[in-house]
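Encoded as structure tokens, the structure appears first; notes follow it.
All chains are named by letter (A, B, ...) in the order of the sequence lines, taking the proteins before the strands, and each is independently numbered beginning at 1.
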Amino acid sequence: MGANQLRILFRSLAESARDLLPIVVVIAVFQLALLRQPIPNLLDLLVGVLLVLLGLTLFIRGLEMGLFPIGETMAYAFARKGSLFWLLLFAFALGFGTTVAEPALIAVADEAAKMAAADGVIAGDPAALAGYAKGLRYTVAVSVGFAIVVGVFRIIRGWPIQYLIVGGYMGVVIMTLFAPKEIVGIAYDSGGVTTSTITVPLVTALGVGLASSIKGRNPMVDGFGLIAFASLTPMIFVMGYGMVVG
Amino acid sequence: MSGLLAALLDTLRDVLPIAVVVFGFQLLVIRRPIPNLKRVLLGFVYVLLGLALFLEGLEQALFPLGRLMAQQLTAPEFISGGAELLTRPLGAWDYRWIYLFAFAIGFATTIAEPALIAVALKAHEVSGGAISVWGLRIAVAIGVAVGIALGTFRIVTGTPIHWYIIAGYVVVIIQTLYAPRLIIPLAYDSGGVTTSTVTVPLVAALGLGLASTVPGRSPLVDGFGLIAFASLFPMISVMGYAQLSRYLGRSGGGANRNRQGL
């Protein structure tokens with residue numbers, strides 16, 4: 001490793017340190033000043049912080065080397081190929097595939113099944129619980145696949161995003177009035193848990209790449225917005241699931 | 001060490017479906033060699049390794065402490081400030097330190113959120129530098145902070161979540177009419193990117209702890225919903241940031257810094 005690379009590494013480590021500083025400050029201030037308790041296992045804490053620093057630095061580097069370029073390369077390739085079918089199928093597969101195995105979603109679905117059983121919506125036996133959770137999980141995954149398809153289609157057509165999103169919100173509001181009360185909180189949360197740390201950069205690069213390779217599209221106006229769809233549709237689909245199953 | 005291995009496996013499980021979809025389509029549909037394949041693959045390895053280290057470090061150092069603090073701050077003894085105050089019912093004001101903690105931890109975890117860093121880097125690049133990486137990140141972090149603080153207030157007061165969310169949507173719709181056109185898709189996106197690796201575990205601990213402490217709340221019903229607040233308010237704060245920048249740009253001697261509105 002040359003001196004230059006070493007310098008780059010140190011600079012990105014320093015940047016990661018700055019990213020992490022607020023958390024350390026908040027925890028230290030509240031722990032020492034408000035709760036007035038010592039910080040337990042200081043050594044573990046330091047080792048952990050070091051791991052986080054290293055991890056964040058590597059992640060950002062990998063982002064620029066792997067995730068961003070592949071997202072854009074594929075967007076260009078699909079645009080050149082000109083096959084709408086394959087592009088939309090890819091969009092669906094990306095949305096569905098990245099969501100269905102998402103640990104945060106699995107946790108939320110299990111939690112939701114317990115609530116449904118407690119309210120007597122479904123039977124309390126393990127098979128019914130697992131069935132409900134699985135149904136919910138696939139509902140959310142399909143909704144995210146659908147979201148990326150709609151988002152990609154919007155980029156190709158150049159539709160203004162606000163009509164679609166505002167329309168979607170109205171859908172959420174209307175569904176809220178009719179959905180069972182217990183599912184509403186989970187439905188609202190499910191919008192947030194679907195977009196993981198790896199999906200976001202890839203999907204963003206895909207959108208921006210598509211918008212810059214299609215004539216007449218502006219990457220800023222048309223390229224962003226895929227994540228917004230992916231956070232919106234699960235709310236509607238989950239409330240729908242609650243209404244159908246409940 | 002076993003923790004690190006487990007984190008690596010978890011991350012691998014996250015990356016695997018993405019790798020299958022991406023490389024599957026690349027091989028079967030696009031059928032073109034990937035430019036700089038070696039570099040891209042190395043990038044994937046970095047992402048995998050980096051995320052595993054990141055998660056393991058958080059799990060080892062910050063999450064236990066953060067969860068412990070959420071418990072301590074929501075414990076009845078702390079909120080009532082000792083035994084002598086327990087004679088009167090607790091009001092919303094007694095939970096003030098929790099709102100402050102929610103605000104601070106919401107802000108801090110958002111700044112460290114890798115997905116947000118990714119989107120901010122991209123937005124900076126695509127906007128030709130008009131959107132600054134730190135400007136966007138701070139705007140989003142303020143949104144999350146306000147959202148989570150308000151979300152804890154909602155848990156304490158027990159008001160129905162949908163009134164807050166619907167009111168928030170109304171504000172988003174009104175802002176959409178007036179905000180610079182270029183910022184709108186990015187603002188909508190920033191709602192979704194904020195809530196992943198760092199924010200969710202700490203915020204969930206806070207919500208569950210609070211819902212099980214406040215009399216009359218159930219963790220199952222009221223523990224949910226903080227994430228929804230954290231996804232809604234960044235939209236408002238990012239559009240607000242753009243509106244403010246444009247307003248300041250105009251009043252600052254009509255320099256008309258740029259026509260993109262930022």
Side-chain angles (χ1 to χ4, degrees), chain A residues 19-20 22-23 26-27 30-31 34-35 44-45 48-49 51-52 54-56 58-59 61-63 65-67 69-70 77 86 90 93-94 97-98 101 104 115 161-162 165-166 169 173 176 184-186 188-189 191-192 195-198 200-201 204 208 219-221 224-225 227-228 230-231, chain B residues 14-15 17-18 21-22 25 29-30 32 39-40 42-44 46-47 49-51 53-54 56-58 60-62 65 69 72 101 104-105 108-109 111-112 114-115 118-119 122 126-127 161-162 165-166 169 173 176 182 184-186 188-189 191-193 195-197 220 224-225 227-228 231:
Chain A
D19 296 336
L20 205 64
I23 300 191
V26 167
I27 288 188
F30 272 83
Q31 182 80 357
L34 188 60
L35 293 164
D44 275 5
L45 193 74
V49 168
L51 288 183
V52 173
L54 210 64
L56 194 57
L58 269 179
F59 176 81
R61 185 91 189 97
L63 201 72
M65 283 169 60
L67 285 179
I70 194 83
W86 286 114
F90 175 71
L94 199 62
T98 54
M115 265 176 72
I161 191 170
Q162 48 269 44
I165 295 286
V166 170
Y169 284 160
V173 171
T176 304
V184 169
I186 295 174
Y188 286 172
D189 269 4
T195 43
S196 82
T197 308
I198 304 168
V200 165
T204 303
V208 168
M220 205 56 214
V221 174
F224 288 95
I227 310 291
S231 335
Chain B
D14 264 12
V15 175
I18 296 174
V21 170
V22 164
F25 270 84
V29 179
I30 294 177
R32 269 168 199 278
R39 195 178 145 84
V40 168
L42 191 65
F44 267 81
Y46 279 0
V47 164
L49 214 65
L51 209 53
L53 283 172
F54 186 73
E56 177 56 20
L58 286 177
Q60 231 179 64
L62 294 167
L65 201 54
M69 292 175 66
Q72 288 171 338
F101 179 69
I105 205 78
T109 53
I111 290 292
V119 169
K122 204 77 201 159
V126 169
S127 68
I161 182 171
H162 50 268
I165 300 290
I166 292 172
Y169 283 167
I173 292 171
T176 302
L182 278 179
I184 290 170
L186 187 63
Y188 288 166
D189 265 1
V193 299
T195 46
S196 34
T197 331
L220 276 180
F224 288 101
I227 311 292
S231 325

So which atom in A:G97 and which in B:P17 form the shortest heavy-atom distance, rounded to 0.1 Å?
O-CB, 3.3 Å
Best-contacting candidate, B:A112, B:A108, B:A104, against chain A by heavy atom pairs under 4.5 angstrom
B:A108
Top contributor to chain B contacts, counting heavy-atom pairs under 4.5 Å, from A:T176, A:L56, A:L63, A:V166:
A:L56
Pick from A:T204, A:D44, A:I70, A:V184: which one has the most heavy-atom pairs with chain B under 4.5 Å?
A:I70
Which region of B:R39, side chain (C-beta onward) or backbone (N, CA, C, O), has a non-hydrogen atom less than 4.5 Å from a non-hydrogen atom of chain A, or is it both or neither?
both
Among B:L51, B:L49, B:L53, which residue satisfies the side-chain contact (heavy atoms from CB on, under 4.5 Å) criterion with A:F59?
B:L51
Among B:K122, B:H162, B:R32, which residue has the highest count of heavy-atom pairs closer than 4.5 Å to chain A?
B:K122
Can you give me the closest heavy-atom contact between B:G50 and A:L58, atom names plus distance?
CA-CB, 3.6 Å
Would you check, one step at a time, whether the test side chain to side chain contact (heavy atoms under 4.5 Å, CB included) holds for A:L54 with B:F54?
CA-CA 7 Å; A:L54 210 64; B:F54 186 73; over 6 Å; no
Is A:V208 close to chain B through its backbone or its side chain, or both, or neither, when contacts mean heavy atoms under 4.5 Å?
side chain
Contact leader toward chain A among B:I105, B:I184, B:L65, B:V119, where contacts are heavy-atom pairs under 4.5 Å
B:L65
Which of A:L94, A:V49, A:I165, A:T98 touches chain B most, by non-hydrogen pairs under 4.5 Å:
A:I165
Heavy-atom pairs under 4.5 Å with chain A: which of B:I166, B:I161, B:I18, B:V15 has the most?
B:I18
Side chain, backbone, both or neither: which part of B:I165 has a heavy atom under 4.5 Å from chain A?
side chain
Looking at B:P185 and A:F224, what are the two nearest heavy atoms and their distance?
CB-O, 3.6 Å
Mind listing the closest non-hydrogen atom pair of B:A115 and A:T197 along with its distance?
N-CG2, 3.9 Å
Could you grab the distance from atom CD1 of A:I161 to atom CG of B:D189, nearest 0.5 Å is fine?
6.5 Å
Do you know which two heavy atoms are closest between A:F90 and B:V22, and how far apart they sit?
CE1-CA, 4.3 Å
For chain B, find which of A:I227, A:V173, A:L20, A:I198 contributes the most heavy-atom pairs closer than 4.5 angstrom.
A:I227
Atom group of B:T176 that falls short of 4.5 Å from chain A, counting heavy atoms
side chain
Ring-plane angle category for A:W86 and B:F25, please: parallel below 30°, perpendicular beyond 60°, tilted otherwise.
perpendicular
From the list B:F44, B:F101, B:Y169, the residue making the most non-hydrogen contacts under 4.5 Å with chain A is B:Y169
Please find the pair of heavy atoms, one from B:A118 and one from A:P201, that lie closest to each other, and give the distance.
CB-CG, 3.8 Å
